[in-house]
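Just below is one structure, and these are the notes that go with it.
So you know, we letter chains A, B, ... as the sequences are listed, proteins then strands, and number each from 1.
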Number of protein chains: 2
Amino acid sequence: MAGRGVTIADVAARAGVAASTVSYVLSGKRSISPETADRVMAAVADLGYHPHAGARSLASRRAGVVAMMFPIRDGMHLPVLMQFAAGAVAEARRHDQDVLLMTADEGPSGLARVAASAIVDGLILMDVEVRDPRVETLRRLGLPNVLIGFPADSEGLTCVDLDFTAAGRVCADYLAERGCGEIALLGAAEAVYERRTGFAERVREGFLSRPGLRGEVRPCPNYPTEVQRTVKELLSARPDLTGLAVHNEPAVGHVMHALADAGKRVGEDFHVVVIGPDEVAERVHPQLPSVLVPAETLAQTAVRHLMRKLDGHDVPDSTLIEPQLTLR
Amino acid sequence: MAGRGVTIADVAARAGVAASTVSYVLSGKRSISPETADRVMAAVADLGYHPHAGARSLASRRAGVVAMMFPIRDGMHLPVLMQFAAGAVAEARRHDQDVLLMTADEGPSGLARVAASAIVDGLILMDVEVRDPRVETLRRLGLPNVLIGFPADSEGLTCVDLDFTAAGRVCADYLAERGCGEIALLGAAEAVYERRTGFAERVREGFLSRPGLRGEVRPCPNYPTEVQRTVKELLSARPDLTGLAVHNEPAVGHVMHALADAGKRVGEDFHVVVIGPDEVAERVHPQLPSVLVPAETLAQTAVRHLMRKLDGHDVPDSTLIEPQLTLR
DNA sequence: TTGTCTTGTCGAAGCGCTTCGATTGAGGAT
DNA sequence: ATCCTCAATCGAAGCGCTTCGACAAGACAA
């Protein structure tokens with residue numbers, strides 16, 4: 001049974017050993033005889049002992065907590081963030097760590113606060129932008145960290161992200177296999193491109209890399225009517241277009257409408273593939289194949305890298321996750 | 001500038017006072033002369049001092065952290081969770097607290113762990129079910145808490161939720177105002193109803209409460225083809241139906257298709273209202289009015305209640321948040 | 001004057017843990 | 001038998017903070 005305020009001294013008394021011995025059994029930092037260890041573990045279980053997190057952090061200078069800083073901002077797809085969070089928590093727990101949630105609007109001073117108060121051992125920064133004011137602070141603080149995304153100068157930082165070049169290529173490949181000779185990619189709104197040039201360009205590069213295909217990339221706003229207009233313009237400018245990749249979550253539904261209005265039969269004489277979360281691709285008719293941002297894998301990788309850094313190991317500066325195409 | 005390992009002793013030395021005086025200035029628990037206080041605050045700012053969270057928690061028995069336990073499970077809409085999280089973090093920071101993220105799969109033993117290790121001062125439990133195994137544990141642990149949702153026996157617990165009865169009523173009202181005499185509510189999949197009977201019944205009750213309307217409620221599966229079938233059955237069984245409320249996020253798009261196929265012109269001779277997040281109602285054509293789950297308000301309320309409990313105040317056992325209809 | 005409050009400050013104890021030497025006893029080598 | 005090593009354990013110090021009781025120094029009443 002869980003008791004109120006069970007301390008290491010209680011465990012030690014019940015097992016008939018010194019408190020330090022209990023500590024060593026639990027941490028494994030010194031060798032302890034199996035008999036003693038058994039007795040200690042039994043006492044721990046009997047009393048429902050869990051070390052006091054504050055005391056531990058004070059004495060060992062390790063909090064057992066990592067922070068995740070989330071963007072709260074337009075353009076990020078919320079479900080993906082949530083999957084990310086879930087994946088990160090799950091992985092962190094596997095390393096016996098907890099996860100503290102921060103939002104980007106705490107900004108650099110929030111980072112300074114958590115670093116100075118030693119409330120966390122490390123940090124995962126999500127949705128890093130090309131010019132991100134937090135990055136400089138992070139460098140200065142020396143708090144172990146992993147970034148999701150790539151800032152302009154990623155020298156010496158640990159960054160993890162989807163391999164967007166590969167994602168673009170996968171889409172082009174899919175369309176080519178369906179027999180499309182002329183293809184286009186409908187991208188995110190201009191604003192997103194401005195903020196994160198890097199990733200937009202990588203998608204373009206991948207999408208256009210397949211030889212023998214006439215491809216193009218054009219940005220696309222989020223609003224229904226403008227989406228419709230963009231699609232119409234595209235279709236009249238490129239009458240032989242038969243393949244379309246859409247990398248803009250909120251637009252997908254409207255794109256499908258515009259195509260239907262234009263008499264295109266998706267899945268038959270016209271093909272569409274989505275870069276985005278499953279939900280978006282599932283909730284239109286017909287359902288579309290999609291390349292998803294593997295949020296869970298990204299989160300796992302980020303947490304693992306951070307753990308290795310906390311343990312003093314080296315990790316690769318840059319890690320790109322392979323995209324996966326889901327057919328429907 | 002932030003220094004490495006600035007302690008309260010450093011601040012005290014710089015201000016020429018005792019460490020305890022610094023502590024009292026920061027906490028306001030004893031009166032300190034304005035001059036001394038100013039000197040201390042200046043030293044704090046100069047050195048970039050932030051109290052060591054572990055040390056503070058050890059000495060004061062207050063961690064300054066609250067946990068949020070999230071459901072990671074089908075049927076919960078991810079964006080809503082994310083909004084909830086953001087709202088909770090923002091509100092918690094206003095009270096100088098941090099937020100620890102937990103997932104429901106840690107279950108009751110996770111609760112025991114955080115309680116015993118004193119890593120958090122309190123807990124917010126999301127998406128509580130009618131029969132929720134965590135609730136009993138929570139009662140036993142005595143960790144201050146607030147629940148989102150209502151378990152079967154909410155006696156003595158602090159619960160916060162959307163007023164689902166009112167939400168149902170608001171939908172019926174909207175349809176009535178559009179001149180609908182025969183209306184229906186398409187609900188969630190059976191599974192959800194089984195799990196959370198309480199909330200489903202409250203919506204039904206509200207929806208059917210308006211006199212002079214012929215209403216009915218029927219559950220609806222998530223899968224596209226089955227949604228279509230359900231809608232077709234409904235329309236042929238009730239040829240005079242002109243108003244529909246949809247309380248099933250993934251189904252909305254498919255419902256609209258089915259209605260279009262059946263020749264209904266939504267917004268003209270037929271009216272539809274959604275209970276769910278904005279996104280869902282915005283991404284169909286035409287865009288639909290919706291009653292959203294006010295995630296941010298819920299989160300704020302929950303956090304505030306928890307803070308008051310931590311400060312030893314009383315809070316109402318049960319708080320219902322008013323739904324809001326957004327026209328589009 | 002002396003005694004009594006009040007106000008502002010200090011010093012020390014202690015929160016529960018980890019960790020660093022020190023200590024003990026057993027086993028091996030000489 | 002003696003010395004050395006090594007494994008297993010203990011005791012004490014100390015992590016950085018809060019908080020309690022004590023204590024000067026005025027302010028005020030007697």
Side-chain angles (χ1 to χ4, degrees), chain A residues 3-41 43-44 47-65 96 113-121, chain B residues 3-41 43-44 47-65 96 113-121:
Chain A
R4 278 228 72 53
V6 180
T7 74
I8 199 171
D10 300 330
V11 175
R14 179 174 250 254
V17 298
S20 51
T21 302
V22 175
S23 178
Y24 286 124
V25 170
L26 259 26
S27 70
K29 294 193 178 172
R30 281 198 185 176
S31 63
I32 296 286
S33 71
E35 303 80 48
T36 306
D38 286 351
R39 242 174 328 126
V40 168
M41 292 313 288
V44 165
L47 300 174
Y49 170 71
H50 290 272
H52 186 289
R56 165 176 284 196
S57 127
L58 183 55
S60 70
R61 336 204 110 249
R62 277 282 225 128
V65 180
D96 260 301
R113 179 178 67 85
V114 294
S117 67
I119 196 176
V120 300
D121 300 323
Chain B
R4 278 229 72 55
V6 180
T7 74
I8 199 171
D10 300 329
V11 175
R14 179 174 250 255
V17 298
S20 52
T21 302
V22 175
S23 177
Y24 286 125
V25 170
L26 260 25
S27 70
K29 294 195 178 171
R30 281 198 186 175
S31 64
I32 297 286
S33 73
E35 302 80 47
T36 306
D38 286 352
R39 244 176 324 127
V40 168
M41 292 313 286
V44 166
L47 300 174
Y49 170 71
H50 290 272
H52 187 288
R56 167 176 282 195
S57 127
L58 183 56
S60 71
R61 338 206 108 249
R62 277 279 225 132
V65 180
D96 260 301
R113 179 178 68 84
V114 294
S117 67
I119 195 175
V120 300
D121 301 322

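Checking dT19(D), dT9(D), dG11(C) against the side-chain heavy atoms of Lys29(B) singles out dT19(D) as nearest. Nearest nucleotide to the Ser60(A) side chain, out of dG16(D), dT18(C), dT9(C): dT18(C). Between dC10(D), dC20(D), dG16(D), one nucleotide has an atom nearer to the side chain of Tyr24(B) than all others, and that is dC20(D). The side chain of Ser33(A) lies closest to dA8(D) when the candidates are dC17(D), dG16(C), dA8(D). The side chain of Ile8(B) sits closest to dT18(D) out of dT9(C), dG16(C), dT18(D).
Side chain Ser20(A) to base dG11(D): a donor-acceptor pair is found below 3.5 Å. A donor and an acceptor atom never sit less than 3.5 Å apart when one is taken from the side chain of Arg56(A) and the other from the base of dG16(D). In terms of polar N and O atoms assigned as donor or acceptor, the side chain of Ser31(B) never comes within less than 3.5 Å of the base of dG8(C) in a complementary pairing. For dT18(C), its base never sits under 3.5 Å from the side chain of Arg61(A) at any donor and acceptor pair.
One atom, CG of Leu26(A), and another, P of dT18(C), lie 7 Å apart when rounded to the nearest Å. Asp10(A) has its CG atom 9 Å from the P atom of dG16(C), to the nearest Å. Whole-Å rounding puts the His52(B) NE2 to dT18(C) P distance at 14 Å. Rounding to whole angstrom units, CZ of residue Arg39(B) and C1' of dT9(C) are separated by 11 Å. Here dG16(C) presents its P atom at 16 Å from NE2 of His50(A), a figure rounded to the nearest Å. In this structure, Glu35(B) atom CD and dT7(C) atom P are separated by 16 Å, rounded to whole Å.
Across all strands shown, Thr36(B) has heavy atoms under 4.0 Å from sugar-phosphate atoms exclusively, and none from any base. No engagement by Ser57(B) is indicated, since no non-hydrogen atom pair under 4.0 Å with the nucleic acid exists.
Listed for the Arg39(A) side chain is a donor-acceptor partner under 3.5 Å among the backbone atoms of Ala15(A). Although no hydrogens or angles enter the test, the distance criterion places no donor-acceptor pair under 3.5 Å between the side chain of Arg62(B) and the main chain of Ser57(B).
Counting only N and O atoms by type, the side chains of Thr36(B) and Ser33(B) include a donor and acceptor under 3.5 Å apart.
Within the 4.0 Å cut-off from OP1 or OP2 of dC10(C), at least one side-chain nitrogen or oxygen of Thr21(B) is found. Remark: Thr7(A) is not in phosphate contact with dC15(C), judged by side-chain N or O atoms under 4.0 Å from OP1 or OP2.
Between Arg30(B) and Leu58(B), the residue whose closest nucleotide on DNA chain D is further toward the 5' end is Leu58(B).
Counting heavy atoms from C-beta on, the side chains of Ile32(A) and Val17(A) never come closer than 4.5 Å. Residues Leu26(B) and Met41(B) form a side-chain contact, since some pair of their non-hydrogen atoms from C-beta on lies under 4.5 Å apart.
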